[in-house]
Amino acid sequence: MKFTALPIAGAVRVDIEKREDERGFFARTFCAREFADHGLETAWVQMNSSLTRRTGSVRGMHFQRPPKAEVKFIRCIKGAVFDVIVDLREGSPTYGRWHGTELTGDNRAMLYVPKGCAHGFQTLADDTELLYLHSEFYSPEHEGGLRFDDPDVGIVWTLPIAEISTKDRQHPLLGQVGSIRS
């Protein structure tokens, strides 16, 4: 695997290294030893998937507050997304900043989202499916969100927004969320 640090402190893009032959390819998508060597989480307690039917749909920006803050490890297994992280960590040098990267079923890239960061995405294709690993169990009482269109954060979505849930539209702004101790 190839690990590339992103502009958000602690966020990493992970790309597979294919071993190809006439049958196709084989690639490792997770190795506890390699993740530990890079100082990354190695214990995953939950795996989820999402299917978003319509191009231009936005899901997010989601996070969990301590003591249930979670690391997420995300891969697009079908379709394509513009995947976004916003740093909400108290004292972080990248607090309030965002970074977006394209994850597709074809590029097979994966995104490591550290604790204390909000995560969301916009679909770039119909019927897009993501697979998520989580370092913490889902905890509704620790669930949080950040507005997808917060002017202080300034996320530039790739496409016009076609669809977003009422819940995601009503998340607070960065000044109301504040910073998170992770």
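FYI, the numbering just counts along the sequence from 1.
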May I have the list of side-chain donor-acceptor pairs in residues 104-112 shorter than 3.5 Å, sequence neighbours left out?
{"residue": "Thr104", "atom": "OG1", "partner": "Asp106", "partner atom": "N", "Å": "3.2"}
{"residue": "Thr104", "atom": "OG1", "partner": "Asn107", "partner atom": "N", "Å": "2.7"}
{"residue": "Thr104", "atom": "OG1", "partner": "Asn107", "partner atom": "OD1", "Å": "3.4"}
{"residue": "Asn107", "atom": "OD1", "partner": "Thr104", "partner atom": "N", "Å": "3.0"}
{"residue": "Asn107", "atom": "OD1", "partner": "Ala109", "partner atom": "N", "Å": "2.9"}
{"residue": "Asn107", "atom": "ND2", "partner": "Glu102", "partner atom": "O", "Å": "3.1"}
{"residue": "Arg108", "atom": "NH1", "partner": "Asp106", "partner atom": "O", "Å": "3.1"}
{"residue": "Tyr112", "atom": "OH", "partner": "Glu41", "partner atom": "N", "Å": "2.8"}

| field | Trace of the salt bridge (charged side-chain N to carboxylate O under 4.0 Å, His left out) decision for Arg28 with Glu34 | value | CA-CA 10 Å; Arg28 184 176 300 137; Glu34 288 183 62; 2.7 Å; yes
| request: Quickly, which of Leu130, Thr52, Ile164 forms a side chain to side chain contact (heavy atoms under 4.5 Å, CB included) with Arg59? Name it, please. | output: Thr52
| query | Among Trp157, Phe82, Phe121, whose side chain to side chain contact (heavy atoms under 4.5 Å, CB included) with Val58 holds? | reply | Trp157
| message | Taking Glu143 first and then Lys68, would you say they form a salt bridge - that is, a charged N and a carboxylate O separated by under 4.0 Å? | response | no
| said: So that I can tick it off, tell me whether Arg13 and Asp15 are bridged by a salt bridge, with the cut-off set at under 4.0 angstrom between side-chain N and carboxylate O. | reply: yes
Given side chains that start at C-beta, do those of [X] and [Y] come closer than 4.5 Å, heavy atoms only?
X      : Y      : answer
Ile180 : Arg65  : yes
Thr166 : Arg169 : no
Tyr132 : Ser49  : no
Asp152 : Leu173 : no
Arg89  : Lys115 : no
Leu133 : Lys72  : no
Thr4   : Val14  : no
Leu103 : Arg75  : no

| query | Using 30° and 60° as the class limits, which term best fits the ring planes of Phe3 and His38: parallel, tilted or perpendicular? | reply |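 Correct class here is parallel.
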| In terms of the angle between their ring planes, are Phe73 and Trp44 parallel, tilted or perpendicular, with boundaries placed at 30° and 60°? | parallel
Atom pair [atom1]/[atom2] of [X] and [Y] - distance to nearest 0.5 Å:
X      : Y      : atom1 : atom2 : value
Ser57  : Leu124 : OG    : CG    : 10.5 Å
Asp168 : Arg147 : CG    : CZ    : 11.5 Å
Glu20  : Phe26  : CD    : CZ    : 13.0 Å
Met47  : Leu131 : CE    : CG    : 5.5 Å
His62  : Phe148 : NE2   : CZ    : 11.5 Å
Cys76  : Glu129 : SG    : CD    : 8.5 Å

Among the clusters formed by ILVMFWY side chains lying less than 4.5 Å apart, do [X] and [Y] turn up in the same one?
X      : Y      : value
Val71  : Ile85  : no
Val177 : Ile155 : yes
Val84  : Leu146 : yes
Ile74  : Ile16  : no
Tyr95  : Ile8   : no

| Which atoms form the tightest heavy-atom contact between Gly145 and Phe63, and what is the distance? | N-CE2, 3.3 Å
| field | Nearest heavy atoms of Ala125 and Thr55, plus distance in Å | value |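 Taking every non-hydrogen atom into account, C-OG1, 3.0 Å.
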| said: Looking at Arg54, is its backbone amide N or carbonyl O close enough to the side chain of Thr123 to form a donor-acceptor pair, meaning the two atoms are under 3.5 Å apart? | reply: yes
| said: Taking transitive links into account, so neighbours of neighbours count too, which hydrophobic residues share a cluster with Phe137 at under 4.5 Å side-chain distance? | reply: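 Val45, all in the cluster of Phe137.
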Taking atom types as modelled, is there a side-chain donor on [X] or [Y] under 3.5 Å from an acceptor on the other?
X      : Y      : result
Asp150 : His171 : no
Glu70  : His134 : yes
Asp87  : His99  : no

| query | Is the Lys NZ or Arg CZ of Lys18 less than 6.0 Å from the centre of Phe25's six-membered ring, within 45° of the axis? | reply |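 Relative to the ring axis of Phe25, which defines the angle, Lys18 lies inside both limits.
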| task | May I have the step-by-step check of side-chain contact (heavy atoms from CB on, under 4.5 Å) for Leu174 and Gln176, ending in yes or no? | result | CA-CA 5 Å; Leu174 182 63; Gln176 298 162 318; over 6 Å; no
